Amino acid sequence: MEEILARIERIRKELITIGMSEGFRSDKTLKLSKQLDGLILQYQKLNIREKQIS
């Protein structure tokens, strides 16, 4: 889970940087946004599984 959190943080920072420089509707920004959404969803699913197991 720590690895996913690190990836989320890295992509979040990159998303902000690209969004500020290229615009929040640029192809790169949208691609990173979708990637970030997928990672957040993956993290949430893992978090739910861990809570069910505990």
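Just so it is clear, the model here is predicted, and its values are computed rather than measured.
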If you link I, L, V, M, F, W and Y whenever their side-chain heavy atoms are under 4.5 Å apart, who else ends up in the same group as Y43? M1, I4, L5, I8, I11, L15, I18, L32, L36, L39, I40, L46
Mind checking what makes salt bridge (charged side-chain N to carboxylate O under 4.0 Å, His left out) contact with E14, not counting sequence neighbours? none
What residues form a salt bridge (charged side-chain N to carboxylate O under 4.0 Å, His left out) with R12, not counting sequence neighbours? E9
Partners meeting side chain to side chain contact (heavy atoms under 4.5 Å, CB included) with I53 (sequence neighbours left out): none
Okay, side chain of T17, backbone of K13: is any donor-acceptor separation there less than 3.5 Å? yes
Cluster companions of M20 among Ile, Leu, Val, Met, Phe, Trp, Tyr (side-chain spacing under 4.5 Å): I16, F24
Salt bridge (Lys or Arg N to Asp or Glu O under 4.0 Å): pairs with one or both residues in residues 20-49, sequence neighbours excluded: E22-K28
